[in-house]
Amino acid sequence: MTLETHIKESIFENGPMTIADYMVLALTQPEYGYYMRKDPFGVQGDFTTAPEISQIFGELVGAWLVTQWVMMGKPNAALAEIGPGRGTLMADILRATSKVKGFHDAITVHLMELSPTLRQKQWTTLAGKHPDITWHMGFAEIPSKPLLLVANEFFDALPIRQYLHEADGWKERKIGLDKHGKLEFVLEAANPPRQLEEEPVSENIYEYCDAATQMGFVIANRIATHGGSALIIDYGYEHGNGDTLQAVRHHRHHEVLEEPGTADLTAHVDFGNLTHAAAIGGCTVYGPVGQGFFLNRLGALERTAALCEKATEKQKEALTSGITRLTSAEQMGTLFKALCIIAPALPKPEGF
Ligand code: SAH
């Protein structure tokens, strides 16, 4: 049975499905979920992420984490990544920090990953990079101690629900079956989450990601209790942005309802909501700032220039075009944003 058949059966039996349930099945259903069976990254795959574009991304993030660790008083800490993909970012972080006195000894490394295929890939990428690396299914498994956490393009994979307000009240946009048995979007009367109830603009689509709210809260709560810093980078907005649900396959737009499980499915991250959740969790939040602003503040240009000194012409070109892609406003510099969640006692972090 394909995932599509499974979804159709479920709708046939139980009625329209929320977009969140559809996303969870399409992305992480153990047998057919998009992330569970394949490595979707890179030119050969479906999409390319910042650490896959340039090693400088992970090096700057590594330097940022060390700065935070020093600010925190160099504690024994959990260095954690949630949604680590191929493990490239963590590999670059570990390589860039390997010469920092005491850092590798002070940390244990934790990767939160559901996909067995990607866990395997991460294991290979990270072999020999640190003696103490553990994989986890959920955040609660990461040991309770000072936390240094990174998440790049993780939150956009979390399931959202969509609501809109019509003359006769709130509706939820769900997935049903048309009369030919094809998947289609439908509207059902609904009670929206509390967060959306204020003065809706008619016919606007409002998205809400409960999983992101919860994740933002538990990360902040851990940091408020045990100390730490979290860096979240993703594409998204600060205030409502309409319908941002999208599917991508082979670097191209794909219909959201076609062949679920074969394309990446994401929604823009609501940084306003994440900020709110982290504040309720007891932390101070900085940003979001544009990824370009953040990386430039951390010395992206200087790092590029230093690497170019020892590089061949071809490598120079790759280094320069990579960093341009990550920082320029026309490419990933503005749409992608960085947010920092830190313990209230810490000073303003670098890059914000
Ligand atoms: N950070 C990586 C990969 C981003 S893709 C990079 O920048 O290249 C999203 C990652 O999150 C994948 O590794 C995917 O398997 C993982 N993932 C998605 N949903 C998850 C969940 N609910 N729990 C844990 N990992 C999840």
Side-chain angles (χ1 to χ4, degrees), residues 20-62 65 79-94 109-126 134-142 149-160 209-216 218-219 230-236 246-249 251 261 263-269 291 295 322 325-326 332 335-339:
D21 286 346
Y22 181 80
M23 283 182 86
V24 168
L25 288 171
L27 293 178
T28 54
Q29 197 271 350
E31 234 175 312
Y32 300 107
Y34 175 75
Y35 283 115
M36 305 308 268
R37 341 173 271 174
K38 63 181 253 179
D39 172 357
F41 304 97
V43 182
Q44 308 292 326
D46 294 315
F47 59 94
T48 310
T49 57
E52 306 292 339
I53 291 169
S54 174
Q55 66 179 79
I56 296 171
F57 183 78
E59 291 171 357
L60 295 174
V61 169
L65 290 166
L79 171 61
E81 182 174 2
I82 54 178
R86 277 180 171 171
T88 309
L89 174 56
M90 186 53 85
D92 289 338
I93 290 172
L94 290 174
V109 179
H110 303 273
L111 301 169
M112 185 179 117
E113 175 62 68
L114 292 180
S115 160
T117 312
L118 290 174
R119 279 184 177 210
Q120 181 64 42
K121 183 88 202 165
Q122 292 153 16
W123 190 82
T124 314
T125 311
L126 293 169
T134 333
W135 277 261
H136 307 279
M137 295 298 278
F139 181 81
E141 292 172 19
I142 297 169
L149 179 136
V150 284
N152 185 61
E153 288 207 45
F154 168 75
F155 280 85
D156 64 43
L158 296 180
I160 56 139
C209 183
D210 194 44
T213 310
Q214 284 181 34
M215 190 57 81
V218 294
I219 291 170
L231 180 65
I232 292 163
I233 301 179
D234 223 310
Y235 50 107
Q246 60 175 4
V248 167
R249 194 163 84 175
H251 300 268
D264 189 29
L265 209 51
T266 64
H268 287 206
V269 173
Q291 172 172 284
L295 295 177
R325 190 165 162 197
L326 295 182
M332 295 168 76
L335 174 61
F336 280 75
K337 296 175 177 64
L339 183 88

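Start at 1 and go down the list; that is how both ligands and their atoms are numbered.
- Annotation: side chain of Gln291 is in contact with side chain of Phe57 (closest heavy-atom distance under 4.5 Å).
- Under the 3.5 Å distance criterion, the side-chain polar atoms of Arg86 are matched with a main-chain donor or acceptor of Phe41.
- The side chain of Glu81, and not its backbone, has at least one atom closer than 4.0 Å to an atom of ligand 1 (non-hydrogen atoms only; side chain from C-beta on).
- Nearest non-hydrogen protein atom to atom 19 (N) of ligand 1 is Thr28 CG2, 4.0 Å.
- In terms of N/O distances under 3.5 Å, ligand 1 is approached by Glu113.
- With a heavy-atom cut-off of 4.0 Å, Ala50 does not touch ligand 1 at all.
- Every atom of ligand 1 with a heavy atom of Leu118 under 4.0 Å away is listed here by number and element: 12 (C), 13 (O), 15 (O).
- Taking distance alone, with nitrogen or oxygen atoms compared against 3.5 Å, Asn152 approaches ligand 1 more closely than that limit.
- Here the side chains of Thr48 and His251 are in contact, with some heavy-atom distance below 4.5 Å.
- Looking at heavy atoms from C-beta onward, Pro84 lies out of side-chain contact with Met90 at the 4.5 angstrom threshold.
- The side-chain heavy atoms of Ile56 and Leu326, taken from C-beta on, include no pair separated by under 4.5 Å.
- Partners of Asp264 under the salt bridge (Lys or Arg N to Asp or Glu O under 4.0 Å) rule, at least two apart in sequence or in another chain, do not exist in this structure.
- Scanning all protein heavy atoms for the shortest distance to atom 26 (C) of ligand 1 gives Phe154 CE1, 3.6 Å.
- Counting the atoms of ligand 1 from 1 in the order shown, those under 4.0 Å from a heavy atom of Pro51 are 6 (C), 7 (O), 8 (O).
- Nearest protein heavy-atom neighbour of atom 4 (C) of ligand 1: Glu153 O, 3.3 Å.
- By the 4.0 Å heavy-atom criterion, Leu114 is counted among the residues contacting ligand 1.
- Among the atoms of Gly85, some N or O lies under 3.5 angstrom from an N or O of ligand 1.
- Residues Phe139 and Leu149 have side chains in contact (heavy-atom distance under 4.5 Å, counting atoms from C-beta outward).
- Counting heavy atoms from C-beta outward, Lys121 and Glu113 have side chains that stay 4.5 Å or more apart.
- Taking every heavy atom of Pro84 and a limit of under 4.0 angstrom, the matching atoms of ligand 1 come to 2 (C), 13 (O).
- Heavy atoms of Leu27 stay at 4.0 angstrom or farther from ligand 1.
- The side-chain contact (heavy atoms from CB on, under 4.5 Å) search around Asp156 returns Glu153, Asp234, Tyr235, Thr266, Val269, not counting sequence neighbours.
- When only non-hydrogen protein atoms are considered, atom 8 (O) of ligand 1 lies nearest to Thr49 OG1, 2.5 Å.
- Here the protein heavy atom with the shortest distance to atom 2 (C) of ligand 1 is Gly83 O, 3.3 Å.
- For the pair Tyr35/Leu114, no side-chain contact is recorded, criterion being any heavy-atom separation below 4.5 Å from C-beta on.
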